[in-house]
Amino acid sequence: MDKNTIKSTINELLKGIDEQTFSKLINVIDLDKYVKKLSVYKFFQLLILSQLEETESLTFLSKQVKDQKSYQLELALDTISTSQLSRKLGSLSPKIYEKIFHHLVLKTQATLKQPAIIRDIGRLYVIDSTTMSMSLSQFPWATFRKTKAGIRLHLRVIVTKELTIPDKGILLPAKHADRTQMSELIDIDSEAIHLFDRAYNDYKKFDEFCLQDVRFITRLKKNAQIEVLSEQVPDPESLIFRDQEVFLDNGQNGTKMTHPLRLVETKDREGNTVIIVTNCFELSANEIGELYRYRWKIETFFKWMKQHLKVKSFYGKSENAVCNQIWIALITYCLQVLLQQSVHHEGPLLEVKQTLKTLLFDGFDAFLCALFRQPARSSKGRQKLNWEAEFQVIEQQFLEGEVR
(Lines give C-alpha, C1' and ligand atoms only; values in the text may rest on other atoms or scores of the structure.)
Protein backbone atom coordinates (compact mmCIF):
# COMPACT_ATOMS: atom_id res chain seq x y z
CA MET A 1 0.00 0.00 0.00
CA ASP A 2 1.30 3.44 -0.88
CA LYS A 3 0.37 5.65 2.03
CA ASN A 4 1.02 8.76 -0.03
CA THR A 5 -1.67 8.02 -2.59
CA ILE A 6 -4.21 5.99 -0.60
CA LYS A 7 -5.97 7.40 2.44
CA SER A 8 -5.53 4.66 5.03
CA THR A 9 -7.92 3.94 7.85
CA ILE A 10 -5.32 4.55 10.57
CA ASN A 11 -4.45 7.95 9.06
CA GLU A 12 -8.12 8.90 9.01
CA LEU A 13 -8.47 7.85 12.66
CA LEU A 14 -5.44 9.89 13.70
CA LYS A 15 -6.75 13.02 11.97
CA GLY A 16 -8.38 13.68 15.34
CA ILE A 17 -4.91 14.48 16.70
CA ASP A 18 -2.28 15.05 13.99
CA GLU A 19 1.40 15.65 14.73
CA GLN A 20 1.18 19.43 14.52
CA THR A 21 -1.75 19.60 16.96
CA PHE A 22 -0.04 17.07 19.22
CA SER A 23 3.16 19.16 19.44
CA LYS A 24 1.23 22.36 20.04
CA LEU A 25 -0.80 20.81 22.86
CA ILE A 26 2.04 19.22 24.81
CA ASN A 27 4.12 22.41 24.45
CA VAL A 28 7.36 20.85 25.73
CA ILE A 29 10.56 22.23 24.24
CA ASP A 30 13.26 19.79 23.11
CA LEU A 31 11.25 16.69 24.12
CA ASP A 32 12.65 14.92 21.03
CA LYS A 33 16.15 16.38 21.33
CA TYR A 34 18.80 13.75 20.44
CA VAL A 35 16.02 11.28 19.49
CA LYS A 36 16.87 9.47 16.24
CA LYS A 37 14.02 7.01 15.77
CA LEU A 38 11.22 7.03 18.32
CA SER A 39 9.78 10.53 18.52
CA VAL A 40 7.06 11.25 21.07
CA TYR A 41 4.42 11.37 18.33
CA LYS A 42 5.54 8.09 16.74
CA PHE A 43 5.42 6.52 20.17
CA PHE A 44 1.92 7.93 20.62
CA GLN A 45 0.87 6.32 17.32
CA LEU A 46 2.34 2.99 18.41
CA LEU A 47 0.42 3.09 21.69
CA ILE A 48 -2.83 3.85 19.84
CA LEU A 49 -2.19 0.82 17.61
CA SER A 50 -1.46 -1.33 20.65
CA GLN A 51 -4.81 -0.30 22.18
CA LEU A 52 -6.78 -0.97 18.99
CA GLU A 53 -5.17 -4.38 18.54
CA GLU A 54 -5.04 -5.09 22.29
CA THR A 55 -1.37 -5.99 21.95
CA GLU A 56 -0.22 -8.34 24.68
CA SER A 57 3.13 -6.74 25.58
CA LEU A 58 5.79 -4.27 24.48
CA THR A 59 7.85 -7.25 23.29
CA PHE A 60 5.04 -8.24 20.95
CA LEU A 61 4.63 -4.62 19.84
CA SER A 62 8.35 -4.54 18.99
CA LYS A 63 7.93 -7.74 16.98
CA GLN A 64 4.96 -6.28 15.08
CA VAL A 65 7.07 -3.31 14.01
CA LYS A 66 9.85 -5.65 12.89
CA ASP A 67 7.66 -8.18 11.06
CA GLN A 68 4.77 -6.20 9.60
CA LYS A 69 5.35 -4.04 6.56
CA SER A 70 2.20 -2.06 7.32
CA TYR A 71 3.68 -0.81 10.61
CA GLN A 72 6.93 0.15 8.89
CA LEU A 73 5.18 2.07 6.12
CA GLU A 74 2.82 3.96 8.40
CA LEU A 75 5.42 4.91 11.00
CA ALA A 76 8.56 5.09 8.84
CA LEU A 77 10.11 2.83 11.45
CA ASP A 78 11.99 -0.38 10.61
CA THR A 79 12.66 -1.71 14.10
CA ILE A 80 12.33 -0.65 17.70
CA SER A 81 13.48 -2.61 20.74
CA THR A 82 11.39 -3.53 23.76
CA SER A 83 13.77 -1.64 26.04
CA GLN A 84 13.36 1.57 24.01
CA LEU A 85 9.58 1.29 24.22
CA SER A 86 9.73 0.57 27.95
CA ARG A 87 12.02 3.53 28.69
CA LYS A 88 9.79 5.88 26.70
CA LEU A 89 6.63 4.68 28.44
CA GLY A 90 8.12 5.18 31.89
CA SER A 91 9.90 8.48 31.25
CA LEU A 92 7.10 10.53 29.67
CA SER A 93 4.88 12.51 32.03
CA PRO A 94 1.21 11.40 32.08
CA LYS A 95 0.31 15.11 31.92
CA ILE A 96 1.18 14.97 28.20
CA TYR A 97 -1.50 12.40 27.44
CA GLU A 98 -3.95 13.96 29.87
CA LYS A 99 -3.77 17.19 27.81
CA ILE A 100 -4.43 15.22 24.61
CA PHE A 101 -7.40 13.50 26.26
CA HIS A 102 -9.00 16.81 27.29
CA HIS A 103 -8.47 18.22 23.79
CA LEU A 104 -10.29 15.24 22.26
CA VAL A 105 -13.08 15.52 24.85
CA LEU A 106 -13.77 19.06 23.63
CA LYS A 107 -13.76 17.88 20.00
CA THR A 108 -16.23 15.06 20.65
CA GLN A 109 -18.55 17.41 22.54
CA ALA A 110 -18.41 20.04 19.80
CA THR A 111 -19.93 17.57 17.31
CA LEU A 112 -22.17 15.77 19.77
CA LYS A 113 -25.88 15.71 19.05
CA GLN A 114 -27.78 15.47 22.31
CA PRO A 115 -31.37 14.36 21.88
CA ALA A 116 -33.28 14.99 25.10
CA ILE A 117 -33.37 12.03 27.46
CA ILE A 118 -36.65 13.11 29.02
CA ARG A 119 -36.93 16.80 28.08
CA ASP A 120 -34.64 19.81 27.97
CA ILE A 121 -32.77 19.28 31.25
CA GLY A 122 -29.32 20.34 30.00
CA ARG A 123 -26.30 18.03 30.12
CA LEU A 124 -26.46 14.82 32.13
CA TYR A 125 -23.13 14.00 33.78
CA VAL A 126 -22.61 10.61 35.41
CA ILE A 127 -19.76 10.21 37.92
CA ASP A 128 -18.17 7.02 39.20
CA SER A 129 -14.83 5.23 39.50
CA THR A 130 -13.34 1.90 38.55
CA THR A 131 -10.30 0.13 39.95
CA MET A 132 -7.67 -1.73 37.95
CA SER A 133 -6.21 -4.34 40.32
CA MET A 134 -2.50 -5.10 40.25
CA SER A 135 0.05 -7.28 42.00
CA LEU A 136 1.24 -5.71 45.25
CA SER A 137 4.80 -7.03 44.82
CA GLN A 138 5.17 -5.49 41.36
CA PHE A 139 3.29 -2.22 41.95
CA PRO A 140 4.13 -1.20 45.57
CA TRP A 141 3.41 2.48 44.82
CA ALA A 142 -0.28 1.57 44.34
CA THR A 143 -0.86 -0.19 47.68
CA PHE A 144 -4.42 0.19 48.98
CA ARG A 145 -4.90 -2.99 51.05
CA LYS A 146 -2.55 -5.31 52.92
CA THR A 147 -2.46 -7.79 50.05
CA LYS A 148 -3.59 -5.72 47.06
CA ALA A 149 -2.52 -2.88 44.82
CA GLY A 150 -4.56 -0.95 42.31
CA ILE A 151 -5.09 2.28 40.46
CA ARG A 152 -8.47 3.99 40.34
CA LEU A 153 -9.91 5.96 37.47
CA HIS A 154 -12.32 8.61 38.76
CA LEU A 155 -14.40 9.61 35.76
CA ARG A 156 -17.18 11.92 34.68
CA VAL A 157 -19.01 11.07 31.46
CA ILE A 158 -21.63 12.85 29.38
CA VAL A 159 -24.60 10.60 28.73
CA THR A 160 -27.09 10.78 25.87
CA LYS A 161 -29.60 8.17 24.75
CA GLU A 162 -27.06 6.77 22.27
CA LEU A 163 -23.57 7.68 23.51
CA THR A 164 -21.40 7.75 26.61
CA ILE A 165 -18.44 10.12 26.23
CA PRO A 166 -15.68 10.65 28.82
CA ASP A 167 -15.57 14.25 30.00
CA LYS A 168 -13.16 14.54 32.92
CA GLY A 169 -10.82 11.99 34.49
CA ILE A 170 -8.51 11.66 37.49
CA LEU A 171 -6.01 8.82 37.99
CA LEU A 172 -4.92 8.04 41.55
CA PRO A 173 -3.81 5.02 43.59
CA ALA A 174 -6.92 3.12 44.66
CA LYS A 175 -6.60 4.10 48.35
CA HIS A 176 -8.27 7.45 47.53
CA ALA A 177 -12.01 7.17 48.22
CA ASP A 178 -14.58 8.27 45.65
CA ARG A 179 -15.97 11.22 47.56
CA THR A 180 -12.51 12.81 47.95
CA GLN A 181 -12.70 13.69 44.25
CA MET A 182 -16.16 15.29 44.22
CA SER A 183 -14.83 18.84 44.06
CA GLU A 184 -12.75 17.97 40.99
CA LEU A 185 -15.51 16.15 39.12
CA ILE A 186 -18.53 18.34 39.92
CA ASP A 187 -18.58 21.82 38.40
CA ILE A 188 -20.62 24.85 39.43
CA ASP A 189 -22.92 24.56 36.44
CA SER A 190 -26.64 25.21 36.70
CA GLU A 191 -27.13 23.93 33.14
CA ALA A 192 -26.19 20.36 34.04
CA ILE A 193 -27.39 17.56 36.30
CA HIS A 194 -24.74 15.47 38.10
CA LEU A 195 -25.68 11.85 38.74
CA PHE A 196 -23.65 9.66 41.11
CA ASP A 197 -23.97 6.70 43.46
CA ARG A 198 -24.09 6.60 47.27
CA ALA A 199 -20.28 6.25 47.56
CA TYR A 200 -20.27 10.04 47.06
CA ASN A 201 -22.71 10.81 49.90
CA ASP A 202 -21.46 13.90 51.72
CA TYR A 203 -24.11 16.10 53.40
CA LYS A 204 -21.82 19.12 53.69
CA LYS A 205 -21.16 18.93 49.96
CA PHE A 206 -24.88 18.53 49.29
CA ASP A 207 -25.52 21.78 51.18
CA GLU A 208 -22.80 23.50 49.14
CA PHE A 209 -24.39 22.26 45.91
CA CYS A 210 -27.76 23.66 46.96
CA LEU A 211 -26.18 27.05 47.71
CA GLN A 212 -24.30 27.06 44.38
CA ASP A 213 -27.31 25.91 42.34
CA VAL A 214 -25.54 22.68 41.34
CA ARG A 215 -28.19 20.09 40.49
CA PHE A 216 -27.55 16.49 41.52
CA ILE A 217 -29.27 13.12 41.81
CA THR A 218 -27.86 10.37 44.00
CA ARG A 219 -28.77 7.27 45.96
CA LEU A 220 -29.27 7.44 49.74
CA LYS A 221 -27.29 5.33 52.21
CA LYS A 222 -29.16 3.00 54.56
CA ASN A 223 -27.94 4.72 57.74
CA ALA A 224 -29.40 8.13 56.81
CA GLN A 225 -31.84 9.67 59.27
CA ILE A 226 -34.75 11.36 57.53
CA GLU A 227 -37.00 14.15 58.73
CA VAL A 228 -40.06 14.35 56.50
CA LEU A 229 -41.33 17.88 55.79
CA SER A 230 -44.08 17.07 53.28
CA GLU A 231 -45.24 14.20 51.13
CA GLN A 232 -46.85 13.74 47.71
CA VAL A 233 -49.25 10.94 46.80
CA PRO A 234 -47.10 8.08 45.36
CA ASP A 235 -47.81 6.35 42.04
CA PRO A 236 -47.09 2.60 42.44
CA GLU A 237 -48.18 1.89 38.85
CA SER A 238 -45.22 4.04 37.70
CA LEU A 239 -42.96 2.37 40.32
CA ILE A 240 -42.99 5.47 42.54
CA PHE A 241 -43.60 4.40 46.14
CA ARG A 242 -42.51 7.56 48.01
CA ASP A 243 -42.19 11.22 47.00
CA GLN A 244 -41.20 13.45 49.93
CA GLU A 245 -39.46 16.68 50.86
CA VAL A 246 -36.95 15.86 53.61
CA PHE A 247 -34.01 16.96 55.75
CA LEU A 248 -31.12 14.48 55.94
CA ASP A 249 -29.02 13.67 59.00
CA ASN A 250 -26.58 10.81 59.61
CA GLY A 251 -26.84 11.12 63.38
CA GLN A 252 -23.48 12.82 63.98
CA ASN A 253 -22.97 16.34 65.31
CA GLY A 254 -23.04 19.00 62.65
CA THR A 255 -24.06 16.66 59.84
CA LYS A 256 -27.72 17.62 59.51
CA MET A 257 -28.39 19.38 56.22
CA THR A 258 -29.68 22.95 56.24
CA HIS A 259 -31.31 22.62 52.80
CA PRO A 260 -34.28 20.32 52.10
CA LEU A 261 -34.00 17.63 49.43
CA ARG A 262 -36.45 15.58 47.42
CA LEU A 263 -36.67 11.87 48.30
CA VAL A 264 -38.06 9.40 45.74
CA GLU A 265 -38.42 5.66 46.32
CA THR A 266 -38.59 3.47 43.22
CA LYS A 267 -37.37 0.07 41.97
CA ASP A 268 -34.46 -0.84 39.68
CA ARG A 269 -34.53 -3.23 36.72
CA GLU A 270 -34.15 -6.24 39.03
CA GLY A 271 -37.01 -5.12 41.27
CA ASN A 272 -34.78 -3.93 44.13
CA THR A 273 -35.86 -0.88 46.14
CA VAL A 274 -33.86 2.27 45.36
CA ILE A 275 -34.10 5.45 47.46
CA ILE A 276 -33.00 8.54 45.54
CA VAL A 277 -32.36 12.05 46.85
CA THR A 278 -32.02 15.17 44.72
CA ASN A 279 -32.30 18.95 44.77
CA CYS A 280 -34.15 18.89 41.42
CA PHE A 281 -37.58 19.94 42.67
CA GLU A 282 -38.67 21.00 39.17
CA LEU A 283 -38.63 17.39 37.90
CA SER A 284 -41.43 14.90 38.46
CA ALA A 285 -40.81 11.77 40.54
CA ASN A 286 -41.07 9.67 37.37
CA GLU A 287 -38.43 11.81 35.64
CA ILE A 288 -36.07 11.54 38.61
CA GLY A 289 -36.45 7.76 38.65
CA GLU A 290 -35.89 7.54 34.89
CA LEU A 291 -32.78 9.73 35.03
CA TYR A 292 -31.24 7.69 37.84
CA ARG A 293 -31.54 4.57 35.69
CA TYR A 294 -28.97 6.15 33.34
CA ARG A 295 -26.32 5.62 36.02
CA TRP A 296 -25.71 2.15 34.56
CA LYS A 297 -24.27 3.86 31.44
CA ILE A 298 -20.96 4.56 33.18
CA GLU A 299 -20.81 0.96 34.42
CA THR A 300 -21.28 -0.17 30.81
CA PHE A 301 -18.53 2.23 29.72
CA PHE A 302 -16.06 0.78 32.26
CA LYS A 303 -16.98 -2.75 31.16
CA TRP A 304 -16.48 -1.77 27.49
CA MET A 305 -13.05 -0.30 28.29
CA LYS A 306 -11.89 -3.40 30.14
CA GLN A 307 -13.17 -5.76 27.45
CA HIS A 308 -12.07 -3.91 24.32
CA LEU A 309 -9.04 -1.83 25.31
CA LYS A 310 -5.78 -2.70 27.02
CA VAL A 311 -6.28 -1.63 30.67
CA LYS A 312 -6.43 -4.85 32.71
CA SER A 313 -2.71 -5.67 32.36
CA PHE A 314 0.12 -3.20 31.99
CA TYR A 315 3.18 -2.76 29.81
CA GLY A 316 5.28 -1.20 32.60
CA LYS A 317 5.42 -1.25 36.39
CA SER A 318 6.08 2.41 37.21
CA GLU A 319 3.30 4.87 38.00
CA ASN A 320 4.10 6.86 34.86
CA ALA A 321 3.88 3.76 32.66
CA VAL A 322 0.52 2.66 34.11
CA CYS A 323 -1.05 6.14 33.95
CA ASN A 324 0.21 6.71 30.39
CA GLN A 325 -1.37 3.44 29.27
CA ILE A 326 -4.77 4.31 30.80
CA TRP A 327 -4.77 7.84 29.31
CA ILE A 328 -3.95 6.36 25.90
CA ALA A 329 -6.88 3.94 26.29
CA LEU A 330 -9.23 6.88 26.96
CA ILE A 331 -7.74 8.77 23.99
CA THR A 332 -8.28 5.73 21.75
CA TYR A 333 -11.92 5.59 22.84
CA CYS A 334 -12.39 9.28 21.99
CA LEU A 335 -10.72 8.87 18.59
CA GLN A 336 -13.15 6.07 17.75
CA VAL A 337 -16.11 8.23 18.80
CA LEU A 338 -14.83 11.08 16.60
CA LEU A 339 -14.46 8.72 13.67
CA GLN A 340 -17.95 7.33 14.24
CA GLN A 341 -19.37 10.84 14.33
CA SER A 342 -17.49 11.93 11.19
CA VAL A 343 -18.90 9.05 9.09
CA HIS A 344 -22.39 9.33 10.67
CA HIS A 345 -22.43 5.73 11.84
CA GLU A 346 -25.44 5.10 14.10
CA GLY A 347 -24.66 1.55 15.22
CA PRO A 348 -22.78 0.52 18.36
CA LEU A 349 -19.21 1.76 18.83
CA LEU A 350 -18.06 -1.86 19.03
CA GLU A 351 -18.79 -2.22 15.30
CA VAL A 352 -16.35 0.64 14.65
CA LYS A 353 -13.75 -0.95 16.95
CA GLN A 354 -14.00 -4.40 15.33
CA THR A 355 -13.85 -2.99 11.80
CA LEU A 356 -10.85 -0.85 12.71
CA LYS A 357 -9.06 -3.85 14.15
CA THR A 358 -9.35 -5.82 10.90
CA LEU A 359 -8.82 -2.95 8.42
CA LEU A 360 -6.44 -0.57 10.20
CA PHE A 361 -3.93 -0.42 7.36
CA ASP A 362 -6.36 -0.80 4.45
CA GLY A 363 -7.77 2.08 2.45
CA PHE A 364 -10.42 4.12 4.22
CA ASP A 365 -12.94 3.29 1.48
CA ALA A 366 -12.58 -0.40 2.37
CA PHE A 367 -13.23 0.45 6.03
CA LEU A 368 -16.39 2.39 5.12
CA CYS A 369 -17.67 -0.41 2.87
CA ALA A 370 -17.19 -2.96 5.65
CA LEU A 371 -18.70 -0.73 8.35
CA PHE A 372 -21.86 0.03 6.38
CA ARG A 373 -22.21 -3.33 4.62
CA GLN A 374 -25.70 -4.76 4.94
CA PRO A 375 -25.98 -8.38 6.11
CA ALA A 376 -26.27 -10.84 3.21
CA ARG A 377 -29.50 -12.20 4.64
CA SER A 378 -31.56 -11.70 7.75
CA SER A 379 -31.85 -14.91 9.73
CA LYS A 380 -35.31 -15.85 10.93
CA GLY A 381 -33.96 -18.56 13.15
CA ARG A 382 -34.32 -22.30 12.66
CA GLN A 383 -37.13 -23.00 10.19
CA LYS A 384 -39.27 -26.12 10.41
CA LEU A 385 -39.01 -28.53 7.49
CA ASN A 386 -42.21 -29.14 5.51
CA TRP A 387 -42.55 -32.69 6.77
CA GLU A 388 -42.26 -31.48 10.37
CA ALA A 389 -45.10 -29.00 9.81
CA GLU A 390 -47.26 -31.61 8.08
CA PHE A 391 -46.65 -34.11 10.89
CA GLN A 392 -47.75 -31.52 13.49
CA VAL A 393 -51.02 -30.90 11.58
CA ILE A 394 -51.76 -34.62 11.37
CA GLU A 395 -50.88 -35.11 15.05
CA GLN A 396 -53.26 -32.29 16.06
CA GLN A 397 -56.06 -33.75 13.92
CA PHE A 398 -55.51 -37.17 15.51
CA LEU A 399 -55.79 -35.70 19.00
CA GLU A 400 -59.04 -33.98 18.02
CA GLY A 401 -60.47 -37.27 16.62
CA GLU A 402 -60.43 -36.27 12.96
CA VAL A 403 -57.87 -38.93 11.95
CA ARG A 404 -58.08 -42.58 13.07
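In this text the structure is predicted, and so the values were computed from the model without any measurement.
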query = With side chains defined as the heavy atoms from C-beta onward, is the minimum distance between M132 and K306 less than 4.5 Å?
reply = yes
task = Using a strict cut-off of less than 4.0 Å between a Lys/Arg side-chain nitrogen and an Asp/Glu carboxylate oxygen, indicate whether D243 and R262 qualify as a salt bridge.
result = yes
message = Between E162 and K297, does any NZ, NE, NH1 or NH2 come within less than 4.0 Å of an OD or OE carboxylate oxygen?
response = no
message = Can a donor-acceptor pair be found, under 3.5 Å and without considering hydrogens, that links the side chain of R152 to the backbone of A174?
response = yes
remark   = Nearest heavy-atom contact between I158 and D167 is CD1-OD1, 3.9 Å
ask   = Looking only at atom types and distance, does a side-chain atom of W304 sit under 3.5 Å from a main-chain N or O of L349, one as donor and one as acceptor?
value = no
ask   = Is K66 salt-bridged to D78, going by a charged N under 4.0 Å from an acidic O?
value = no
task = Answer yes or no: are there more than 12 heavy-atom neighbours, outside R145 itself, under 6.0 Å from its atom CZ?
result = no
key: Near-ring test Y125/F196, centroid separation under 6.0 angstrom   = no
key: Quiz item: cation-pi between K256 and F247, 6.0 Å / 45°   = yes
request  = State, yes or no, whether a side-chain contact exists between L46 and L61 at a heavy-atom distance under 4.5 Å.
outcome  = yes
ask   = Below 4.5 Å, heavy atoms only, C-beta onward: do T21 and L25 meet side chain to side chain?
value = yes
query = Should we say atom NZ of K15 is surrounded by more than 12 heavy atoms from elsewhere, each under 6.0 Å from it?
reply = no
task = Write down the atom of C323, the atom of L171, and the distance for their closest heavy-atom approach.
result = O-CD1, 3.8 Å
inquiry  = Assess the residue pair Q64 and E53 against the criterion (side chain to side chain donor-acceptor pair (under 3.5 Å)); give the C-alpha distance rounded to whole Å, side-chain angles, the decisive distance to 0.1 Å, and a yes or no.
reply    = CA-CA 11 Å; Q64 285 177 303; E53 298 194 329; 3.0 Å; yes
query = Are H259 and F206 near enough that their ring centres are under 6.0 Å apart?
reply = no
ask   = Crowded around E282 CD? As in, over 12 foreign heavy atoms under 6.0 Å?
value = yes
message = Is the distance from the ring center of F361 to that of Y71 below 6.0 Å?
response = yes
query = Would you call the rings of F101 and W327 parallel, tilted or perpendicular, where under 30° means parallel and over 60° means perpendicular?
reply = tilted
Pair D189 + R123, salt bridge at N-O below 4.0 Å = yes
ask   = Can you find a side-chain donor-acceptor pair between S8 and E74 that sits under 3.5 Å?
value = yes
key: Member of L360, L335, L47 meeting the side-chain contact (heavy atoms from CB on, under 4.5 Å) criterion with L52   = L360
key: Beyond-backbone contact of K175 with T143, side-chain heavy atoms, under 4.5 angstrom   = no
ask   = Any sub-3.5 Å donor-acceptor pair from S86's side-chain atoms to S83's backbone N or O?
value = no
message = Quick one, I193 and C280 - any side-chain contact, counting heavy atoms below 4.5 Å?
response = yes
task = Take L229 and Q244 through the test side-chain contact (heavy atoms from CB on, under 4.5 Å) and record every step on the way to the result.
result = CA-CA 7 Å; L229 302 177; Q244 301 170 331; over 6 Å; no
request  = Examine distances only and state if a side-chain atom of Q212 and a backbone atom of D187 form a donor-acceptor pair shorter than 3.5 Å.
outcome  = no
Any donor-acceptor N/O pair, K88 side chain to L38 backbone, under 3.5 Å = yes
side-chain contact (heavy atoms from CB on, under 4.5 Å) between T218 and T278, intermediate numbers included = CA-CA 6 Å; T218 188; T278 179; over 6 Å; no
Electrostatic pair R295:D128 at N-O distance under 4.0 angstrom = yes
Close side-chain approach of I276 to I217, heavy-atom, < 4.5 Å = yes
query = Does the side chain of T266 come under 3.5 Å of the side chain of R242 through a donor N or O and an acceptor N or O?
reply = no
Electrostatic pair K353:E54 at N-O distance under 4.0 angstrom = yes
query = When you check the gap from the basic side-chain N to the acidic O, do K205 and E208 get nearer than 4.0 Å?
reply = yes
task = May I ask you to test the K63-T59 pair for a side-chain heavy-atom distance under 4.5 Å?
result = no
ask   = Between H176 and Q181, is any side-chain donor less than 3.5 angstrom from a side-chain acceptor?
value = no
inquiry  = Could you check whether atom CD of Q307 has more than 12 heavy atoms from other residues, nucleotides or ligands sitting under 6.0 Å from it?
reply    = yes
query = Between atom NE2 of H103 and atom CD1 of I331, what is the distance when rounded to the nearest 0.5 Å?
reply = 10.5 Å
query = Shortest non-hydrogen contact from Q51 to L309?
reply = OE1-CB, 3.4 Å
inquiry  = Can you confirm whether more than 12 heavy atoms, excluding those of F281, are under 6.0 Å from its CZ atom?
reply    = yes
Flag for K310-T332: side-chain donor and acceptor within less than 3.5 Å = no
note = Heavy-atom nearest pair, A142 first then M134, reads CB-CE, 3.6 Å
ask   = Is a side-chain N or O of Q72 found less than 3.5 angstrom from the main chain of V65, in a donor-acceptor match?
value = yes
request  = Describe, in one word, how the ring planes of F22 and Y97 are oriented to each other, choosing from parallel (under 30°), tilted (30 to 60°) and perpendicular (over 60°).
outcome  = tilted
request  = Of all the heavy-atom pairs spanning E287 and S284, show the shortest one and how long it is.
outcome  = OE1-N, 3.0 Å
inquiry  = Nearest 0.5 Å, please: how far is CD in E19 from NZ in K42?
reply    = 8.5 Å
request  = Mind checking the CZ-CG spacing from F209 to L261? Nearest 0.5 Å is all I need.
outcome  = 11.5 Å
ask   = Do you see a donor-acceptor pair shorter than 3.5 Å between the side chains of K148 and S135?
value = no
task = Provide the closest heavy-atom pair for N201 versus K221 in the form atom of the first, atom of the second, distance.
result = OD1-N, 3.3 Å
query = Out of curiosity, N286 CG to L239 CG, how far, rounded to the nearest 0.5 Å?
reply = 8.5 Å
query = Would you say Y294 and K161 make side-chain contact, with heavy atoms under 4.5 Å?
reply = yes
ask   = Out of curiosity, K95 NZ to N324 CG, how far, rounded to the nearest 0.5 Å?
value = 12.0 Å
request  = Please answer whether the main-chain N or O of A177 pairs with a side-chain N or O of T180 as donor and acceptor at a distance below 3.5 Å.
outcome  = yes
key: Stepwise side-chain contact (heavy atoms from CB on, under 4.5 Å) test for M257 and D249   = CA-CA 6 Å; M257 287 191 62; D249 187 352; over 6 Å; no
inquiry  = If you apply the rule side-chain contact (heavy atoms from CB on, under 4.5 Å), what do you find for T164 with V126, and how did you get there?
reply    = CA-CA 9 Å; T164 303; V126 184; over 6 Å; no
task = Go through the side-chain N and O atoms of D362 and T9 and say whether any donor and acceptor fall under 3.5 Å apart.
result = no
ask   = Once you round to the nearest 0.5 Å, how far does OG1 of T130 lie from CD of E299?
value = 7.5 Å
